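All of these numbers come straight from a predicted model, not from anything done at the bench. Each chain gets a letter, A, B and so on, in the order its sequence line appears, and its residues count up from 1.
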Amino acid sequence: MLYTLTTPLYYVNDRPHLGSTYTTLACDAIARFQRLNGQEVILITGCDEHGLKIMRTAEAAGLTPQAHCDAISERYRDLWQRWQISNDRFIRTSDPRHHQVVEQFFARVEASGDVVEGRQQGWYCVACEEFKDDPHESDDPECPIHRRPLEWRDEVNLFFRLSRYQKQIEELVAREGFIAPASRRREVENFVAGGLKDFSISRVDLPWGIPVPGHSGHTFYVWFDALLGYLSALLEPGAPVDLDALVQRGWPAQLHVIGKDILRFHAVFWPAMLLSAGLELPRTVFGHGFLTREGQKMGKSLGNVLDPELLLERCGRDAVRWYLLRDIPFGDDGDFQQQRFSDLVNNDLANTIGNLLNRTSSMARKWFDGAVPPSGEAALTSHSLALAAATAAERFQVAMATLDFRTASETVLQLAIGANGYLNENAPWKRMKTAGEEGRVGEDLYAVLETSRWVALLLAPLLPDLSSRLLDQLAQEPIDSTGDPHSTPTPWQLALHWGGLNPGLLLPEPMPVMQRLELDGPL
RNA sequence: GGCUCGGUAGCUCAGCUGGUUAGAGCGUGGGAUUCAUAACCCCAAGGUCGGGAGUUCAAGUCUCCCCCGAGCCA
C-alpha cells in the first residue's frame with residue numbers, strides 16, 4: 001500500500017519562513033520513518049499560486065504573476081533541497097495539468113448538483129482571501145487578523161453546497177483519529193455543529209486564477225483550487241489526467257500535515273469536496289502548532305523573523321531538526337529559544353551522542369588494534385545494553401508511528417545516556433591496567449559500540465545526516481531513507497539486530513561527528 | 001459574550017482509567033573521574049501541582065466557581 005502524506009502547498013506570497021520549514025521537516029521525518037519500515041511513500045509538497053493577493057504582490061514587484069510565482073516557488077524548491085527534504089513530488093498549482101484536474105473535479109462536483117449560483121455581498125480581506133462576516137464598524141472596517149482595510153464586494157459567485165454534507169462531515173469530524181491532535185477536534189466539531197453554510201468557489205474579475213468552465217468571467221477561489229493540488233501531485237507524468245486513476249497512484253492520503261490555522265479547510269471543506277466528487281477521504285489531518293521566538297510572535301514589524309536559510313547556513317540541518325523535533329511537542333505551539341537551542345544541540349548531540357562514540361572508538365582503537373573488539377558475552381541479547389537497545393527501538397517505533405517526535409528523540413537519547421553510564425560504571429580505562437582483563441574490556445567496548453550503532457540507526461529518520469556520520473565512524477554503510485521501498489524486513493529493520501557490528505572490523509580515526517554550536521549574538 | 005485548549009520545580013514539559021515520600025531534561029551548586037568534543041558519571045537544592053469550595057477513606061488527577069494565557073466563533 002502507498003503511504004501518501006502532504007505538507008501544505010505553501011502560498012507564494014512571500015519567501016519561505018520558519019513555519020513552513022518546521023512543517024516540512026516534520027513531514028520529512030515521517031516519510032523517512034515510513035520508508036525505513038518498508039512503506040512506499042509519496043511525500044507531497046509544493047506551492048499554491050493563485051489569488052488576488054499574489055496578483056497584487058506581483059504587481060507591486062513589477063512582475064507578472066507567473067514570473068513572481070516562478071521565482072518564489074523556485075526558492076521553496078531550492079530550500080527544501082538544501083534541507084535535504086525527501087519529497088517525492090513538488091506540485092505547483094499554476095501547472096497546466098493541475099488546471100485539468102481542477103476542471104475535471106469541478107465537472108464531477110457540478111454533476112453531483114453541488115454547484116449553485118449565489119450572490120455574495122460583504123467585506124472581503126484580500127490577505128485572507130475570505131469574506132468577513134459582519135465587521136463591527138462598517139465605516140472603515142479592517143481585517144482583525146491582518147489589520148488591513150477590508151474591501152466591499154458585491155458579486156454573483158458560484159457556491160459549493162457544503163450544507164448538503166452536514167451529516168457526513170459531522171460524523172467524519174467526530175471520528176477517532178481523523179483530526180489530530182485530539183485536542184483540536186472539539187473546535188472543529190463545534191464549528192460543524194453550528195451548521196455548515198455553502199461557500200463560494202469562484203471569483204469574478206480575477207484574472208490570476210483558473211477559469212471556471214462554462215462560467216465566463218469566473219475563476220476558481222484559491223482554496224478550491226489549492227486543495228486539489230494534492231490530487232494533481234499524484235498524476236502520472238505524461239499520462240492523461242484521470243481522477244479515477246489516482247486510487248492506484250496513492251490517493252487517499254494517509255496524512256495531511258498542516259498548521260492549525262488551516263485545519264478547517266482540510267477537515268471540513270476538503271472532505272466535503274471529495275465526497276461530492278466521489279473520491280476517498282484522507283485518513284488523518286494533523287494540525288500542528290505555531291512557533292514563537294523568545295516568547296514573541298515572529299513578524300516583520302517586530303523584525304524578529306528567523307530565516308530558515310540563515311538557520312541552515314549557520315547551524316546546519318541536524319541541529320535545527322533536532323531542536324524542533326526533540327523539544328517541541330508536535331501539535332502544540334512552541335517557542336524558539338536560542339539558548340535552549342544551543343544547549344540541547346551541544347548536550348544531546350555533541351556531548352552525549354557524539355562523544356559517546358568518540359570515547360569508545362578511541363579506546364577500541366588504542367587497545368584492540370584499531371578494530372572492533374571481540375564481542376564475547378556482549379553478543380548475547382541478554383546483555384544489559386542489548387536489552388536497553390531493544391526496548392528503546394520498540395518505544396521509538398511506537399512514538400514515531402504516532403508522530404510523537406519528542407518521545408522518540410528522548411528514547412534515543414536515553415539509550416546513549418545509558419551507554420555513557422555503562423562506561424563509567426565499568427571503567428574500561430581502569431580495567432585495562434590490570435592484567436587478564438582485556439577480554440572483559442573488549443566486551444564492554446563492544447557493547448557500547450553496538451549501542452552506538454543502534455543510536456545511529458534510530459536517528460536515521462530524525463537526523464539522517466548525523467546518522468550517516470555516526471555509521472561512518474563505525475565503518476557501516478549509511479542507511480537510505482529516501483529511496484525505493486524494500487520488502488520487510490527492510491535493511492533498516494535487519495540492521496536493528498543485536499550483534500550486527502562485526503568484531504575485527506577496522507575503525508576509522510575518530511572525528512567529532514557533531515560540532516558544538518557556538519552562537520555569538522542572536523541569529 | 002459563548003466555546004475550546006492550556007496554567008505542575010528558574011526554563012521546556014511527563015504525570016493512563018483518583019491511591020506509597022509529585023517525575024524527566026536543561027539551567028544552578030557540589031563530588032568523582034581521565035577513555036573522550038573542558039566531554040562523561042554521581043549527588044543535591046528548588047514545587048502549598050493558578051486560586052477557592054466540594055465529592056471521597058484518599059485529588060495534580062473528578063465536580064462547581066473564579067483568575068491568567070492562547071485560540072475558535074460571535
Side-chain angles (χ1 to χ4, degrees), chain A residues 132-136 144-145 173 179 181-197 259-265 267-268 287 289-292 294-297 322-324 326-368 373 399 404-407 409-414 416-433 441-442 444-445 448-449 452 469-470 473 509-518:
Chain A
K132 297 287 161 183
D133 321 300
D134 187 28
H136 295 304
I145 299 168
V173 153
I179 294 176
S183 52
R184 294 201 199 291
R185 189 164 77 204
R186 194 54 70 78
E187 207 162 278
V188 180
E189 280 180 317
N190 289 346
F191 171 75
V192 176
L196 295 175
K197 295 194 202 92
K260 60 181 182 178
D261 56 328
I262 53 175
L263 185 54
R264 188 182 306 164
F265 284 103
V268 178
F290 288 149
L291 297 176
T292 51
E294 313 292 346
Q296 287 197 304
K297 229 172 213 174
W322 181 252
Y323 177 60
L324 294 177
R326 128 97 218 242
D327 202 42
I328 294 164
F330 195 51
D332 294 2
D333 288 344
D335 190 35
F336 189 102
Q337 295 175 333
Q338 189 167 320
Q339 185 62 53
R340 189 167 171 78
F341 170 47
S342 61
D343 280 348
L344 287 185
V345 168
N346 292 343
N347 282 314
D348 300 347
L349 265 28
N351 299 351
T352 301
I353 291 174
N355 183 50
L356 171 68
L357 176 55
N358 201 263
R359 66 194 296 211
T360 316
S361 175
S362 76
M363 284 186 274
R365 280 168 52 94
K366 200 177 296 177
W367 303 322
F368 294 88
D404 185 354
F405 305 120
R406 188 170 217 268
T407 303
S409 309
E410 225 144 72
T411 302
V412 182
L413 191 60
Q414 282 307 324
I417 289 174
N420 270 317
Y422 183 88
L423 278 183
N424 283 53
E425 236 171 78
N426 293 287
W429 51 90
K430 258 189 200 155
R431 267 209 177 104
M432 209 47 203
K433 289 173 185 160
V441 168
D444 286 342
L445 294 181
V448 175
L449 285 171
S452 297
R469 270 179 275 132
L470 286 164
Q473 288 278 289
E509 185 181 346
M511 306 226 300
V513 287
M514 190 70 202
Q515 230 35 261
R516 297 171 62 84
L517 279 180
E518 309 288 354

Touch check for [X], heavy atoms < 4.0 angstrom, all strands: base, sugar-phosphate only, or nothing?
{"X": "Val513(A)", "value": "base"}
{"X": "Gly421(A)", "value": "sugar-phosphate"}
{"X": "Leu357(A)", "value": "nothing"}
{"X": "Gln515(A)", "value": "nothing"}
{"X": "Met432(A)", "value": "nothing"}
{"X": "Arg184(A)", "value": "nothing"}
{"X": "Asn347(A)", "value": "sugar-phosphate"}
{"X": "Arg326(A)", "value": "sugar-phosphate"}

Is the phosphate of [N], meaning OP1 or OP2, less than 4.0 Å from a side-chain N or O of [X]?
{"X": "Lys366(A)", "N": "A36(B)", "answer": "yes"}
{"X": "Arg186(A)", "N": "G71(B)", "answer": "no"}
{"X": "Arg185(A)", "N": "C5(B)", "answer": "no"}

* Please state the C1' separation for the pair G60(B) and G50(B) - nearest whole angstrom. =>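 Going atom to atom, C1' in each nucleotide, I get 12 Å.
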
* Using atom C1' of each nucleotide, how far apart are U48(B) and A22(B) to the nearest Å? ->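 Taking atom C1' in both U48(B) and A22(B), they lie 13 Å apart.
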
* Test applied, side chain to side chain contact (heavy atoms under 4.5 Å, CB included); reference residue, Asn358(A); option that passes from Asn355(A), Thr360(A), Leu356(A) ->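 Among Asn355(A), Thr360(A), Leu356(A), the one meeting side chain to side chain contact (heavy atoms under 4.5 Å, CB included) with Asn358(A) is Asn355(A).
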
Given that both distances must come in under 3.5 Å, which nucleotide forms a Watson-Crick or G-U wobble pair with [N]?
{"N": "A70(B)", "value": "U4(B)"}
{"N": "U63(B)", "value": "A53(B)"}
{"N": "C16(B)", "value": "none"}
{"N": "U34(B)", "value": "none"}
{"N": "G25(B)", "value": "C11(B)"}
{"N": "C40(B)", "value": "none"}

* Where does G27(B) fall, syn or anti, if syn means a chi angle no more than 90° from 0? ->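 Base orientation relative to the sugar is anti.
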
Rounded to the nearest angstrom, tell me the gap between atom [atom1] in [X] and atom [atom2] in [N].
{"X": "Tyr323(A)", "N": "G25(B)", "atom1": "OH", "atom2": "P", "answer": "18 Å"}
{"X": "Leu356(A)", "N": "U34(B)", "atom1": "CG", "atom2": "P", "answer": "19 Å"}
{"X": "Leu423(A)", "N": "C42(B)", "atom1": "CG", "atom2": "C1'", "answer": "15 Å"}
{"X": "Leu344(A)", "N": "C26(B)", "atom1": "CG", "atom2": "C1'", "answer": "6 Å"}
{"X": "Asn351(A)", "N": "U37(B)", "atom1": "CG", "atom2": "C1'", "answer": "7 Å"}

With respect to the side chain of [X], which nucleotide from [options] is positioned closest?
{"X": "Gln414(A)", "options": "A24(B), C73(B), C13(B)", "result": "A24(B)"}
{"X": "Asn190(A)", "options": "C35(B), U4(B), G25(B)", "result": "U4(B)"}
{"X": "Glu187(A)", "options": "U4(B), A70(B), G25(B)", "result": "U4(B)"}
{"X": "Pro512(A)", "options": "U37(B), U12(B), C35(B)", "result": "U37(B)"}

* To do: Between Ala416(A) and Lys430(A), just flag the one whose closest nucleotide in RNA chain B comes earlier from the 5' side.
  =>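 It is Lys430(A), whose closest nucleotide lies nearer the 5' terminus.
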
* Asked: Do Arg340(A) and Asp335(A) sit within salt-bridge range, that is, some charged N less than 4.0 Å from a carboxylate O?
  ->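 A salt bridge is absent here (no side-chain N lies under 4.0 Å from a carboxylate O).
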
* Hey, does the side-chain of Asn355(A) have a donor or acceptor N/O within less than 3.5 Å of a partner on the base of A36(B)? ->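 Pair found.
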
* To do: Taking the side chain as every heavy atom from C-beta outward, state whether Tyr323(A) and Leu344(A) have any pair of such atoms under 4.5 Å apart.
  =>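 Side chain of Tyr323(A) against side chain of Leu344(A), heavy atoms only: contact under 4.5 Å found.
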
